[in-house]
Protein chains: 2
Amino acid sequence: MQKAAIERNNETIAAQLTPVGRETVQDRVYSELRRALIGGLFEPSQVLTIRGLADALVTSTMPVREALGRLITEKALEALPNRSVRVPPITLERIDDLLRARSLIEGEAIALAAARMNARQIATVEAMLGEWDEMRALKHKKDIDREATLNQSFHFEIYRCCGSAVLIPMIESLWLQSGPCIRVAIYAFSDAGEVDTAHYHRSIVAALARQDAQAAREALVADISRPFAFLRDKLQSASKEGLRA
Amino acid sequence: MQKAAIERNNETIAAQLTPVGRETVQDRVYSELRRALIGGLFEPSQVLTIRGLADALVTSTMPVREALGRLITEKALEALPNRSVRVPPITLERIDDLLRARSLIEGEAIALAAARMNARQIATVEAMLGEWDEMRALKHKKDIDREATLNQSFHFEIYRCCGSAVLIPMIESLWLQSGPCIRVAIYAFSDAGEVDTAHYHRSIVAALARQDAQAAREALVADISRPFAFLRDKLQSASKEGLRA
DNA sequence: TCAACGCAAGTGTGATCACAAATCAAAGTC
DNA sequence: GACTTTGATTTGTGATCACACTTGCGTTGA
């Protein structure tokens with residue numbers, strides 16, 4: 001019975017090797033498109049074609065069309081009656097709609113998380129606060145992409161603690177939908193002068209640290225409302241311009 | 001310039017014809033699978049294969065695999081590491097999770113709807129109440145499928161009035177996820193004796209009629225909690241049985 | 001007797017082709 | 001000159017094939 005020995009041997013091998021996984025092309029395409037959408041690499045109303053994306057991603061059309069189908073069901077993309085697909089356009093109603101849904105669901109998620117986070121988990125998000133300051137210190141080079149990524153990690157690190165396998169995918173879907181809008185707002189932000197995202201994040205962490213669910217929810221809503229409110233104003237003045245012209 | 005005349009002619013023709021649309025096979029497969037899932041035709045933990053479904057639906061594998069992919073991203077189905085796909089199994093945590101999410105989001109939707117519904121819309125859902133009683137009158141033949149369909153129509157008729165294009169797809173996704181669980185509960189219900197769904201629906205309509213958002217929310221939560229609570233008890237006693245054995 | 005091996009059927013994934021619909025541009029018509 | 005028509009190109013959809021992986025069962029070996 002040297003079975004135990006073989007078992008041990010296999011375990012030591014497993015400990016040395018990093019699992020390569022068996023990610024399909026379709027999965028890679030899907031995450032790549034997700035990343036692009038949340039990061040705002042696509043503009044609202046931009047039309048996407050299967051063959052175009054397949055060329056850009058250097059694959060065949062097959063994985064792309066399945067990934068697009070999945071993104072359409074998540075409302076991250078929009079299927080036009082022409083059967084072509086585009087990034088959903090920004091409208092005032094949609095902005096308010098998205099903000100309300102995000103406040104509701106992400107607010108619930110952080111309230112749940114506030115009651116469940118342990119010291120280690122709080123320390124993790126606190127550390128991300130430091131990372132943010134660090135990045136801000138060398139502000140000569142504004143790296144909007146890096147800021148967006150860090151912001152996303154911060155939020156989802158918290159949401160992951162809410163213990164709900166149902167809410168988190170919904171939040172991801174909401175980020176996917178608001179990604180293109182938000183990015184437009186962020187660009188406008190950095191033109192219009194600095195905003196202290198770090199301040200909002202600090203008050204979120206403070207509320208979490210004292211397990212104050214209500215305060216955490218309010219701080220979070222304040223944080224996510226900012227770009228939406230900014231975008232809303234921008235859109236309203238733009239439409240007034242349009243009316244005048 | 002007889003363009004206007006042609007236009008008019010086309011319009012009169014269009015008024016007579018019912019649009020056949022240009023629904024793709026993929027769309028039909030997708031809605032069929034949705035219907036089956038919400039209706040609970042698939043059992044939790046049941047494994048589905050692409051070729052099997054393609055045979056059952058009399059199409060090729062192509063539309064089926066895309067539909068399955070979409071359902072997986074909505075968490076209506078689950079992708080196993082083996083790359084096979086199954087209906088998500090029922091667990092206690094999942095039941096609580098789904099109920100919490102549904103209470104939160106559908107509660108918000110009905111609260112919004114309460115403030116927005118006009119007399120005609122309220123009359124519509126009131127009429128559905130009557131339809132329910134009618135069906136119940138000839139209760140000799142319990143048609144669970146018909147009850148489920150009517151229940152779904154009732155709820156979504158209300159939700160559609162909330163004016164949010166973001167919330168409604170999320171609610172659909174939640175129904176898709178809870179469909180298989182609920183159906184198990186409903187079957188157990190009808191064994192365990194009658195429950196007065198109509199009573200809950202009546203109090204929902206009453207609250208909507210007097211635009212009482214809070215009452216509507218509470219009545220709704222009571223309505224959707226019932227099968228979940230029932231299922232929860234059933235599962236708990238079953239697991240106790242399992243432990244004893 | 002039982003575990004390990006190996007073969008065969010079944011399954012998901014990706015590529016390619018055929019086809020229909022949409023789009024765009026140039027030529028034609030009033 | 002404005003509008004329609006026609007033809008070429010582009011695009012999404014569905015079918016089919018090839019390949020890799022998994023699974024199940026029967027055989028082999030100790």
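Reminder, nothing fancy here: chain letters follow the sequence lines and each chain counts from 1.
- A cation-pi geometry, defined here as NZ or CZ lying under 6.0 Å from the six-membered ring centre and within 45° of its normal, does not hold between Arg34(A) and Trp175(A).
- Remark: Leu92(A) CG to Asp97(A) CG distance equals 12.0 Å, nearest 0.5 Å.
- Under 4.0 Å is where a charged nitrogen must lie from a carboxylate oxygen, and between Asp223(B) and Arg102(B) no such pair does.
- When every heavy atom of Ser178(B) is checked against every heavy atom of Phe228(B), the shortest pair comes out as CB-CZ, 3.7 Å.
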Restricting both atoms to N or O, compile the protein contacts to nucleotides 10-13 of chain C shorter than 3.5 Å, with distance only.
unit_1  : atom_1 : unit_2   : atom_2 : d
dG12(C) : OP1    : Ile50(B) : N      : 3.3
dG12(C) : OP2    : Ile50(B) : N      : 3.1
dG12(C) : N7     : Arg51(B) : NH1    : 2.9

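- Rounding to whole angstrom units, CG of residue Leu80(A) and C1' of dA21(C) are separated by 15 Å.
- If you measure from atom CE of Met62(B) to atom P of dA15(C), you get 12 Å, rounded to the nearest angstrom.
- Taking Arg160(B) as the reference, Glu157(B) meet the salt bridge (Lys or Arg N to Asp or Glu O under 4.0 Å) condition, with sequence neighbours excluded.
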